Amino acid sequence: MKKTVIALYIVVVAVLAAATIVEKYQGTAYVSEHIYGAWWFSALWALLTAVAVFYFVKRRVRKVFVVALHLSFVIILAGALLTHLSARRGMIHLRTGVPVNEYTDEDMRTHPLPFTITLKQFKVQYHEGTRAAADYVSHIVIDRKPYTVSMNNIASCDGYRLYQTSYDEDLQGSLLAMNADPWGIPVTYAGYALLFVSLLWMLIDPRGQFRQLLRRASALLLLCLAGLGIASASESDAAAPRVLPQETAAHFGQLYIVYNDRVCPIETYALDFTKKLYGRRSYEGYTACQVLTGFIFFYSDWCQQPILKIKGSEMKQRLGLPDYASFNSLFRQEGYLLGPYLDDKDVRKVDEKVSIIMELHQGRTLKVFPYSQLSTLTWYAPTDNLPDSMDEEHKKYMRDVFTRINREVQAGHYQRVDEYLDMMQRYQQTFGSQSIPSSVRTSAEHLYNKVPFATILFMVCLTLGILSFLFFVFWPAEGKGRRMVMRLQPLLLIACWIALTVCLALRWTITGTIPMSNGYETMLFLAWAVMLLAVIVSRRFSIMLTFGLLLAGFFLLVSHISQMDPQMSHLMPVLNSPLLTLHVSIIMTAYALLSLTFACSLTALCIRKQAEQLQLLSQLMLYPALTCLGFGIFIGAIWANISWGTYWSWDPKETWALISFMVYAAPAHRSLATKTMPYHVYMTFAFLTLLMTYFGVNYFLGGMHSYA
């Protein structure tokens with residue numbers, strides 16, 4: 001019977017993994033119909049549940065929390081079955097002033113509603129001074145009673161729940177999702193509640209496996225780890241370009257601009273501009289603000305500079321390009337060099353750099369002039385089509401000020417340039433004060449721009465981690481030097497953690513939202529959590545300091561060199577929920593703990609010293625990790641139910657999170673984790689599911705969660 005349960009368990013995990021791959025190539029509709037919505041898929045889950053329950057009863061398990069934990073999954077699956085069989089879902093398309101009393105299901109059939117709904121007004125709310133949507137709001141009337149439906153704010157009436165989904169381009173219509181699930185949701189939520197209680201109970205039960213491991217850890221403290229001792233040559237002669245003095249360029253960088261759909265200092269735009277072109281924060285000793293203003297005021301000089309970083313060896317060889325090319329070198333007598341090859345991905349990346357320079361030269365990106373009209377604040381660039389209703393004084397100022405500044409720049413009158421910049425600052429404060437960030441946010445952004453936290457910390461953490469690992473391996477003997485290093489290690493890790501805390505706090509201050517809304521920020525948070533956990537656990541297991549430094553350095557390195565985008569922007573309206581903080585932070589804590597279990601197992605396999613103690617340490621982190629992972633997954637399900645009307649949609653990220661939970665749940669069973677080295681092999685390969693959940697979904701499978 002045990003082998004049958006294990007076999008069915010493996011089959012379910014394999015089917016889930018295969019379904020995400022099939023969805024990549026066949027589409028969501030295909031897997032929804034032929035896999036997730038098929039009778040055999042439900043039957044497979046039912047068979048696994050029935051066999052597992054029979055085996056569970058046969059073993060006569062008496063621990064209350066163990067019974068409650070496994071019962072919670074049965075209840076959750078029962079709730080899912082009820083939802084599948086009895087829930088009604090559909091879409092309601094509303095036009096302003098037109099009563100509607102029916103909805104359309106996914107098969108395009110219409111069904112009656114027990115009430116009449118009328119759209120009174122739909123509006124898109126924007127972040128002040130930008131075109132970044134803050135919320136989508138439908139004001140509706142249901143049988144003469146007013147309701148408001150927006151993102152993360154549903155309306156309920158007679159058991160029907162309404163969710164904001166989309167809207168018509170003319171803003172005279174709104175699309176609401178409808179969900180009526182009176183049986184499935186209560187049962188499923190009851191299962192979630194029982195799961196949360198039993199997971200916590202698993203950690204605090206004096207007779208539970210986790211508490212037994214803690215007692216073993218105390219007994220083995222003195223023995224643990226004692227044995228482990230654990231520019232291109234072709235263009236390098238380009239003449240030095242003219243630039244503004246560093247102080248004047250920095251003054252220009254203090255002006256505000258609408259960039260990435262938010263109001264921020266031009267300094268931020270300059271850093272991103274330089275990094276996109278050159279791959280670094282500065283160029284040949286020139287600051288980012290000097291590079292940006294160089295392209296604005298000394299365009300011909302900077303078009304000759306080899307500042308465009310070229311990637312792709314095959315493309316470089318085919319087009320005869322160096323590692324760093326100038327803007328001018330891409331335009332030859334026969335035309336635009338890249339034109340015939342834009343179907344190539346590497347060529348398109350270089351073309352994007354060219355477009356960035358051209359848009360700046362045309363003035364389209366310099367949205368530095370705020371103007372309020374009919375209670376709507378808009379920021380304009382000097383070359384924008386200004387509204388006819390704008391008074392001539394404002395139009396003249398916006399058209400002429402850069403011409404005047406350029407005249408003084410060319411004449412070398414930098415004091416006059418500073419005076420013009422001061423006037424522009426006063427203009428922005430006077431006419432754009434509603435949208436300009438506070439002085440605290442602005443100061444935080446200047447500090448964040450000044451210090452490349454992730455770059456510095458990944459180098460420091462990786463270097464210290466490698467040195468620490470070598471120290472434990474090759475310096476096993478006790479002595480004064482060893483004790484000094486042991487005292488220094490936690491101080492260094494704490495210093496790195498404090499620096500990363502400052503980095504995250506600055507991003508939080510700048511954006512006003514917790515910094516866990518994209519891949520870059522979650523990588524930073526994961527490194528932060530790993531450091532914190534390593535410091536805490538190191539009081540019992542000193543090797544955790546080494547693991548903490550190495551893993552934190554790795555996560556920071558990934559954030560530094562990967563395709564993740566460190567730019568800050570407003571949250572999408574659907575993400576603007578307090579459940580985001582709970583969901584992401586708890587999930588990231590689980591990932592941090594499971595990353596440390598991977599470090600333990602990999603070390604045991606490579607060095608084969610103190611493998612039993614490393615297994616103990618790994619198991620000590622496994623149980624809290626499972627608790628956090630379970631909490632995170634099902635809090636996310638509750639959030640999805642609040643936002644989209646369905647707590648589980650088999651999105652690739654959801655599916656792989658469930659796979660990870662199931663894979664890591666196996667070694668939490670004592671009978672499956674008795675042998676030390678097989679345990680370490682299993683935990684090493686189990687980490688691949690975590691990598692797939694985070695990176696594989698984001699960069700290969702895609703789906704609704706791919707922004708994370």
Side-chain angles (χ1 to χ4, degrees), residues 2-11 13-14 17 202 208-230 465-466 468-476 530 533-534 537-538 540-551 554 590-627 629 659-693:
K2 178 180 177 181
K3 292 182 179 179
T4 303
V5 173
I6 293 174
L8 285 171
Y9 198 82
I10 294 173
V11 169
V13 170
M202 177 181 70
Q209 178 74 356
F210 181 67
R211 293 291 294 274
Q212 292 180 24
L213 288 170
L214 282 177
R215 286 190 286 272
R216 282 182 58 199
S218 299
L220 292 171
L221 179 60
L222 295 178
L223 298 176
C224 183
L225 304 176
L228 180 62
I230 320 199
I466 293 171
S468 176
F469 185 80
L470 295 175
F471 166 78
F472 275 109
V473 172
F474 297 109
W475 196 352
V530 164
L533 291 168
V537 179
S538 67
R540 288 179 177 267
F541 302 95
S542 58
I543 190 65
M544 290 306 297
L545 296 171
T546 301
F547 293 162
L549 287 167
L550 284 173
L551 286 172
F554 169 75
Y591 287 1
L593 286 164
L594 293 175
S595 299
L596 292 172
T597 66
F598 166 73
C600 289
S601 293
L602 188 62
T603 302
L605 293 175
C606 292
I607 301 179
R608 294 183 177 271
K609 291 184 179 181
Q610 298 298 315
E612 292 184 1
Q613 282 72 35
L614 285 169
Q615 181 185 12
L616 170 60
L617 177 56
S618 174
Q619 289 176 315
L620 280 172
M621 290 180 288
L622 175 61
Y623 288 92
L626 279 174
T627 300
L629 193 56
I659 291 172
S660 298
F661 187 82
M662 294 177 70
V663 167
Y664 277 104
H669 294 76
R670 186 185 306 176
S671 60
L672 298 178
T674 55
K675 297 182 179 180
T676 299
M677 296 314 292
Y679 171 86
H680 288 307
V681 171
Y682 183 91
M683 293 299 286
T684 300
F685 283 99
F687 189 66
L688 296 177
T689 66
L690 221 59
L691 295 177
M692 188 65 186
T693 303

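The structure displayed is predicted, hence computed values, not measured ones.
In this structure, the side-chain contact (heavy atoms from CB on, under 4.5 Å) partners of Ala17, at least two apart in sequence or on a different chain, are Trp656, Ile659. Residues satisfying the side-chain contact (heavy atoms from CB on, under 4.5 Å) criterion with Leu8, sequence neighbours excluded, are Thr4, Leu44, Leu47, Leu48, Val51. With sequence neighbours excluded, the residues satisfying ring pair (Phe, Tyr, Trp, His ring centres under 6.0 Å) with Phe687 are Phe598. Here Ala599 pairs with Phe547, Leu551 under the side-chain contact (heavy atoms from CB on, under 4.5 Å) rule; sequence neighbours left out. Not counting sequence neighbours, the partners of Ala686 by the side-chain contact (heavy atoms from CB on, under 4.5 Å) test are Val663, Tyr664, Tyr682. In terms of the ring pair (Phe, Tyr, Trp, His ring centres under 6.0 Å) criterion, Phe554 has no residue partners (sequence neighbours excluded).
Between Ala604 and Met677, the shortest heavy-atom distance links the atoms O-CE, 4.0 Å. Smallest separation of non-hydrogen atoms from Leu594 and Ala625: CD2-CB, 3.5 Å. Of all the heavy atoms in Thr676 and Gln615, the pair that sits closest is OG1-OE1, 3.0 Å. Summarising the geometry of Met621 relative to Thr597, their closest heavy-atom pair is CB-CG2, 3.9 Å, with the distance given to 0.1 Å. Taking both residues in full, the closest heavy atoms of Leu545 and Ala534 are given as CD2-O, 4.3 Å, listed atom of the first, atom of the second, then distance.
Ser468 places no side-chain N or O within donor-acceptor distance of the main-chain N or O of Gly465, the cut-off being under 3.5 Å.
Looking at Leu617 and Leu596, their side chains never come closer than 4.5 Å, going by heavy atoms from C-beta outward.
For the atom pair OH of Tyr679 and CG of Leu616, the computed distance is 9.5 Å after rounding to the nearest 0.5 Å. One finds the OG1 atom of Thr546 at 11.5 Å from the CD1 atom of Ile466 (value rounded to the nearest 0.5 Å). Taking OG1 from Thr603 and NE2 from His680, the interatomic distance works out to 9.5 Å, rounded to the nearest 0.5 Å. To the nearest 0.5 Å, atoms OG1 (Thr684) and CG (Leu605) are separated by 4.5 Å.
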key: side-chain contact (heavy atoms from CB on, under 4.5 Å) between Met683 and Cys600, intermediate numbers included   = CA-CA 9 Å; Met683 293 299 286; Cys600 289; over 6 Å; no
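Using modelled atom types, one finds no donor on one side chain facing an acceptor on the other under 3.5 Å when comparing Thr693 with Tyr591.
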